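Take a look at the structure set out below.
Keep in mind the model is a prediction, meaning the values are calculated, not measured.
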Amino acid sequence: MASLSLQHIGKVYPNGFEAVKDFNLEIEDQEFIIFVGPSGCGKSTTLRMIAGLEEITSGDLFIDGKRVNDVEPKDRDIAMVFQNYALYPHMSVYENMAFGLKLRKVPRKEIDATIHEAARILDIESLLDRKPGQLSGGQRQRVAMGRAIVRNPKVFLMDEPLSNLDAKLRVQMRIEIAKLHERLQATIIYVTHDQTEAMTLGTRIVVMKDGVIQQVDTPQNLYNKPDNMFVAGFIGSPQMNMVTAKIDENGDAVTAAFGGHVIVLPDYKGKALRDGGYIGKNVVLGIRPEDITVDDSREAEGNVLEAVVKVYELLGSEAYLYFDVDSASFTSKVAAHVQAKTGETRRFVMDLEKLHIFDASTQQIICH
């Protein structure tokens with residue numbers, strides 16, 4: 001397998017549109033790297049530049065220490081799995097998987113052994129004689145992956161490979177891809193706009209927006225320690241609650257006021273705000289839905305939001321409660337046994353230790 005180094009990679013199209021801007025990333029051997037972000041953020045363009053299907057406008061791409069900017073795609077020793085499977089409809093599964101090996105003049109016995117081994121790994125041995133038109137979407141995607149595996153490439157590139165599958169099949173295929181990575185010990189770069197795929201599959205995730213890397217980190221760190229408001233809002237479902245608040249001092253305490261509520265911040269968060277010169281200024285508070293609980297006991301004070309439940313959604317083992325504070329909308333994620341009726345006034349308690357505070361103008365994190 002292989003390591004990759006992307007150094008100051010940029011992509012500008014002839015019409016002047018800058019799709020990728022100063023992209024820097026070091027990918028270790030056997031890593032499972034995910035590129036995630038909204039449509040048009042540059043993740044697929046970056047993947048295609050690695051594959052050699054898009055020309056690199058600026059910067060340098062190294063695979064195993066070798067600069068490959070001008071190397072033909074077929075000579076980069078990579079294999080790509082596409083969203084639309086890209087199988088030859090007139091060929092059987094076996095012929096589809098064998099096609100690339102035949103072009104490389106691999107001996108017939110070796111081709112046969114390699115294909116049967118890959119088919120066994122992917123549980124498609126019974127499908128080898130069928131044509132793609134006779135297969136389900138999930139089976140076709142397994143064949144597309146099998147075609148990549150038999151080449152034994154240095155790097156696997158996967159461009160939204162599960163987006164054409166239904167929800168249940170996507171879950172199954174996610175598990176299969178995770179097993180595949182474990183078994184092959186392969187270097188995989190995987191593009192998706194689905195954050196669930198990103199969080200469950202990746203050893204590290206690259207979050208992109210408008211062609212720029214926003215943060216590169218482990219799934220857990222992205223969730224718990226986002227660098228900015230975009231990452232905080234993009235990662236997590238339902239997404240993080242955010243509200244603009246004014247920071248003030250009350251004796252030794254630092255407070256945040258919004259919508260008629262004043263909350264006293266934990267000392268270390270207050271110190272970060274005081275040291276950063278935020279007293280008297282607006283910031284953005286962020287808190288995950290699961291860090292807002294319902295507490296009608298009257299014991300909790302100082303971090304309580306009293307609000308009317310606008311919508312109550314029961315999702316089996318958990319429930320979402322939607323409510324407004326002033327002009328800001330909030331979501332609370334609670335256990336299913338916490339029942340509430342639309343129109344009821346409830347007391348919502350925020351876990352202030354889990355509060356994220358962002359600079360209102362730069363949108364960068366001040367403290368977690």
**Prompt:** Can any side-chain N or O of D60 pair as donor or acceptor with the backbone N or O of Q7 at less than 3.5 Å?
**Reply:** no
**Option passing side chain to side chain contact (heavy atoms under 4.5 Å, CB included) with F258 (candidates V283, V284, L305)** = L305
**Asked** So, E95 side chain and S92 main chain: donor-acceptor pair closer than 3.5 Å or not?
**Response** yes
**Request:** Decide yes or no on side-chain contact (heavy atoms from CB on, under 4.5 Å) for R346 and F323, but give the supporting numbers first.
**Result:** CA-CA 9 Å; R346 303 299 290 266; F323 60 96; over 6 Å; no
**Contact list for residues 235-257, test side-chain hydrogen bond (donor to acceptor under 3.5 Å, both in side chains), sequence neighbours left out** = E249-R274
**Message:** Nearest 0.5 angstrom please: M145 CE to I124 CD1, how far?
**Reply:** 10.5 Å
**T218 backbone acceptor or donor facing R204 side chain under 3.5 Å** = no
**Message:** Under 3.5 Å, is there a donor on one side chain and an acceptor on the other for Q214 and N228?
**Reply:** yes
**Asked** Do you see a donor-acceptor pair shorter than 3.5 Å between the side chains of H116 and E125?
**Response** no
**Request:** Measure the acute angle between the ring planes of F32 and H181, then classify it against the limits of 30° and 60° as parallel, tilted or perpendicular.
**Result:** perpendicular
**Prompt:** Between the side chain of R151 and the main-chain N/O of I78, is any donor-acceptor distance below 3.5 Å?
**Reply:** yes
**Request:** Please go through F62's hydrophobic cluster and name the other residues, only I, L, V, M, F, W, Y counting, with side-chain heavy atoms under 4.5 Å joining them.
**Result:** none
**Message:** Return the CD1 to CG distance between I247 and L273, rounded to the nearest 0.5 Å.
**Reply:** 5.0 Å
**Item:** Pairs flagged by side-chain hydrogen bond (donor to acceptor under 3.5 Å, both in side chains) wherever residues 327-341 is involved - sequence neighbours left out
**Value:** D324-S329
**Asked** Hey, are S44 and D159 close enough side-chain-wise for a donor-acceptor pair under 3.5 Å?
**Response** yes
**Request:** Answer whether the closest heavy-atom distance between the side chains of Y190 and L47 falls below 4.5 Å.
**Result:** no
**Message:** Taking K21's backbone N and O only, do any of them form a donor-acceptor pair with K11's side chain (distance below 3.5 Å, no angle check)?
**Reply:** no
**Message:** Quick check on the hydrophobic clustering: are M242 and I263 connected, directly or via other members, by side-chain heavy-atom contacts under 4.5 Å?
**Reply:** no
**Prompt:** Within a strict 4.5 Å, meaning less than it, do heavy atoms of the P38 and F230 side chains meet?
**Reply:** yes
**Request:** Any chance you could measure M49, atom CE, to T46, atom OG1, to the nearest 0.5 Å?
**Result:** 4.5 Å
**Prompt:** Is any NZ, NE, NH1 or NH2 atom of the basic residue among E117 and R120 found under 4.0 Å from an Asp or Glu carboxylate oxygen of the other?
**Reply:** yes
**Item:** Within 45° cone and under 6.0 Å: R288 NZ/CZ vs Y223 ring
**Value:** yes
**Message:** Using the side chain to side chain contact (heavy atoms under 4.5 Å, CB included) definition, which of the options I63, T203, L4, V206 pairs with I27?
**Reply:** L4
**Prompt:** For the atom pair CD1 (I149) and CG (L180), what is the distance rounded to the nearest 0.5 Å?
**Reply:** 4.0 Å
**Request:** Determine yes or no for a side-chain-to-main-chain donor-acceptor pair under 3.5 angstrom, with N24 supplying the side chain and I213 the backbone.
**Result:** no
**Request:** Looking only at non-hydrogen atoms, find the nearest pair between M199 and I235 and report the distance.
**Result:** SD-CG2, 3.7 Å
**Request:** Indicate if L25 and I9 have the same hydrophobic cluster label, given that clusters are the connected sets of ILVMFWY residues with side-chain heavy-atom separations under 4.5 angstrom.
**Result:** yes
**Item:** Nearest heavy atoms of I292 and I287, plus distance in Å
**Value:** CD1-CG2, 3.7 Å
**Message:** I'd like to know if the side chain of R170 reaches the main chain of S163, judged simply by a donor and an acceptor atom lying under 3.5 Å from each other, with no hydrogens or angles considered.
**Reply:** no
**Item:** Backbone N/O of A2 and side chain of T187: donor-acceptor pair under 3.5 Å
**Value:** yes
**Item:** Distance-only polar pair, side chains of Y268 and E353, donor-acceptor under 3.5 Å
**Value:** yes
Distance-only criterion, 3.5 Å: show the donor-acceptor pairs between side-chain atoms of residues 358-368 and protein atoms not counting sequence neighbours.
{"unit_1": "D359", "atom_1": "OD1", "unit_2": "S361", "atom_2": "N", "d": "2.8"}
{"unit_1": "D359", "atom_1": "OD1", "unit_2": "S361", "atom_2": "OG", "d": "2.7"}
{"unit_1": "D359", "atom_1": "OD1", "unit_2": "T362", "atom_2": "N", "d": "3.0"}
{"unit_1": "D359", "atom_1": "OD2", "unit_2": "Y278", "atom_2": "OH", "d": "2.7"}
{"unit_1": "T362", "atom_1": "OG1", "unit_2": "Q364", "atom_2": "N", "d": "3.2"}
{"unit_1": "H368", "atom_1": "ND1", "unit_2": "H356", "atom_2": "ND1", "d": "3.0"}

**Fill in**
V71 and R76 have their tightest heavy-atom pair at O-NE, 2.9 Å
**Message:** Could you list the cluster mates of Y320? Members are the ILVMFWY residues connected by side-chain heavy atoms closer than 4.5 Å, either directly or through other members.
**Reply:** V311, L315, Y322
**Prompt:** Rest of the hydrophobic cluster containing F17 (Ile/Leu/Val/Met/Phe/Trp/Tyr, side-chain heavy atoms under 4.5 Å)?
**Reply:** Y13
**Prompt:** Are I175 and I121 in one and the same hydrophobic cluster, where Ile, Leu, Val, Met, Phe, Trp and Tyr link if side-chain heavy atoms are under 4.5 Å apart?
**Reply:** no
**Request:** Verify side chain to side chain donor-acceptor pair (under 3.5 Å) between E160 and T192, making sure each step is shown before the conclusion.
**Result:** CA-CA 5 Å; E160 306 216 21; T192 182; 5.1 Å; no
**Message:** Whether the side chain of S3 engages the backbone of E28 through a donor-acceptor N/O pair (distance < 3.5 Å, no angle test) should be reported.
**Reply:** no
**Request:** Consider only side-chain N and O atoms of R174 and T200, and report whether a donor and an acceptor are under 3.5 Å apart.
**Result:** yes
**Fill in**
In this structure, CD of Q215 is separated from CG of N221 (nearest 0.5 Å) by 8.0 Å
**Message:** Using modelled atom types and a 3.5 Å cut-off, is there a donor and acceptor pairing between side-chain atoms of R147 and backbone atoms of N96?
**Reply:** no
**Request:** Working to the nearest 0.5 Å, report the span between CG of L201 and CD1 of I33.
**Result:** 12.5 Å
**S5 side chain to E26 side chain, donor-acceptor N/O pair below 3.5 angstrom** = yes
